[in-house]
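The block underneath contains the structure these notes are about, expressed in structure tokens.
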Amino acid sequence: MLPWKLLDTADVPGGGVQLRLMQRGNEFTIKLGQNELMSSRLFGSEEALATLTCFRLKALAAPRLLIGGLGMGFTLRAALKVLGPQAEVTVVELVPAIIAWARGPMAEMTGDCLTDPRVEIREADVVQAVAEGRNYDAILLDVDNGPEGLTRKSNDALYDLKGLQAAWAALRPGGILAVWSSFPNDKFTRRLKKAGFATEEIKVRATGSRGGARHVIWLATRPAA
């Protein structure tokens with residue numbers, strides 16, 4: 001078996017931690033310590049985050065989406081396959097190197113999603129982007145391994161009650177907050193409901209098929225009325 005090769009490292013702004021981009025043959029992984037944040041082998045649940053959300057927006061002619069976390073682009077590419085030509089997708093990524101990696105060593109994998117005319121890539125803090133956002137039809141969050149700060153502690157502000165209320169305010173009536181996690185979290189489900197969201201918790205396979213670990217996606221809808 002081919003050994004893993006370290007391609008690059010990057011500090012997380014304000015996080016005091018370092019990410020590592022590694023490659024083995026055609027396979028890539030991004031690690032934080034011993035935690036694998038993302039892998040080019042296991043992306044079915046990241047795609048499901050987008051497809052489960054975007055299929056619920058099919059009736060909208062020009063939906064506006066905010067995606068928190070570019071990662072390896074799986075969520076973005078899956079969303080673009082479902083969305084129509086008038087959609088607007090803003091991708092917020094905190095770590096500049098992740099954007100550079102997507103355009104550099106992983107360019108063959110990310111394809112043309114970064115240059116799609118429907119897409120705006122912003123180097124910014126998703127916590128602030130949500131707090132300042134308005135009139136989104138969906139907000140998709142895949143910035144940690146679950147509803148608690150991993151890449152940096154301040155990301156907790158996305159998932160506490162105040163953060164969920166900010167997401168509510170950033171969504172249009174009927175809008176969807178979609179959150180990816182590698183594990184279930186009953187407390188987070190209760191917080192979503194306390195914030196006023198109609199909440200659905202869906203378990204999906206990491207590989208997108210019958211095998212592999214089960215991940216969790218919350219689809220939390222702001223009631224239309």
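Position 1 is the first residue of the sequence; numbering continues from there. When reading the values below, keep in mind they use all heavy atoms of this one structure, side chains included, and skip hydrogens, waters and symmetry mates.
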Taking the side chain as every heavy atom from C-beta outward, state whether Leu219 and Ile217 have any pair of such atoms under 4.5 Å apart. yes

Of all heavy-atom pairs between Leu57 and Ala138, which one has the smallest distance, and what is that distance? CD1-CB, 3.9 Å

The complete set of salt bridge (Lys or Arg N to Asp or Glu O under 4.0 Å) pairs with one or both residues in residues 65-84, sequence neighbours excluded, reads none

Quick check: closest heavy atoms across Val204 and Ala48, and the distance to 0.1 Å? CG1-CB, 4.2 Å

Can you name the side chain to side chain contact (heavy atoms under 4.5 Å, CB included) partners of Leu7, sequence neighbours left out? Lys5, Leu21, Gln23, Phe28, Pro105

Treat each ILVMFWY residue as a node, draw an edge where side-chain heavy atoms are under 4.5 Å apart, and state whether Ile30 and Leu32 are in one component. yes

Residues in side chain to side chain contact (heavy atoms under 4.5 Å, CB included) with Gln128, at least two apart? Asp125, Glu132

Would you call Leu114 and Val119 a side-chain contact if the rule is heavy atoms closer than 4.5 Å? no

Partners of Arg24 by salt bridge (charged side-chain N to carboxylate O under 4.0 Å, His left out), sequence neighbours excluded? Glu27

Rounded to the nearest 0.5 Å, the CG atom of Leu161 sits from the CZ atom of Arg191 at a distance of 8.0 Å

Give me the atom names and distance for the closest heavy-atom approach of Pro147 to Asn185. CG-ND2, 3.7 Å

Side chains of Glu36 and Arg41: closer than 4.5 Å at any heavy-atom pair? yes

Hey, any chance Leu76 and Val82 share a hydrophobic cluster, counting ILVMFWY side chains that come within less than 4.5 Å of each other, even indirectly? no

Can you name the side chain to side chain contact (heavy atoms under 4.5 Å, CB included) partners of Pro223, sequence neighbours left out? Trp168

Does any donor atom in the side chain of Glu46 or Thr75 lie under 3.5 Å from an acceptor atom in the other side chain? no

For Arg20, what residues pass the side chain to side chain contact (heavy atoms under 4.5 Å, CB included) criterion, not counting sequence neighbours? Leu6, Thr9, Met22, Lys31

Quick note, salt bridge (Lys or Arg N to Asp or Glu O under 4.0 Å) partners involving residues 105-116, not counting sequence neighbours, are Asp116-Arg118

Validation row: Ile139, Leu65 side chains within 4.5 angstrom (heavy atoms): no

Which residue pairs pass the ring pair (Phe, Tyr, Trp, His ring centres under 6.0 Å) test with at least one member in residues 68-91, sequence neighbours excluded? Phe43-Phe74

Where Ala78 and Ala50 come nearest, the two heavy atoms and their spacing: CB-CB, 3.8 Å

Joint hydrophobic cluster, Met38 plus Met109, side-chain heavy atoms closer than 4.5 Å: yes

What residues form a ring pair (Phe, Tyr, Trp, His ring centres under 6.0 Å) with Trp218, not counting sequence neighbours? Phe188

Please check if Ile202 and Trp180 belong to a single hydrophobic cluster, counting links between Ile, Leu, Val, Met, Phe, Trp and Tyr side chain heavy atoms closer than 4.5 Å. yes

Quick check: are there more than 12 heavy atoms from other residues, nucleotides or ligands sitting under 6.0 Å from CG of Asn135? yes

Heavy-atom closest pair, residues Ile176 and Leu171: O-CD2, 3.6 Å

Starting from Met72, can I reach Val12 by hopping between I/L/V/M/F/W/Y residues whose side chains sit under 4.5 Å apart? yes

Heavy-atom side-chain proximity of Leu83 to Pro63 below 4.5 angstrom: yes

Would you mind reporting whether Asp11 and Val17 have side-chain heavy atoms less than 4.5 Å apart? no

According to side chain to side chain donor-acceptor pair (under 3.5 Å), does anything in residues 49-71 pair up with another residue at least two apart or in another chain? List the pairs. Arg56-Glu200

Atom pairs and distances, side-chain donor-acceptor, residues 86-104, under 3.5 Å, sequence neighbours left out:
unit_1 : atom_1 : unit_2 : atom_2 : d
Glu93  : OE1    : Leu70  : N      : 2.9
Glu93  : OE2    : Val95  : N      : 3.0
Trp101 : NE1    : Asp8   : OD2    : 2.9

Distance col, row Cys54:SG vs Leu140:CG, nearest 0.5 angstrom, shows 6.5 Å

Salt bridge (Lys or Arg N to Asp or Glu O under 4.0 Å): pairs with one or both residues in residues 168-181, sequence neighbours excluded: Asp137-Arg172

Is any side-chain heavy atom of Phe197 less than 4.5 Å from a side-chain heavy atom of Leu177? yes

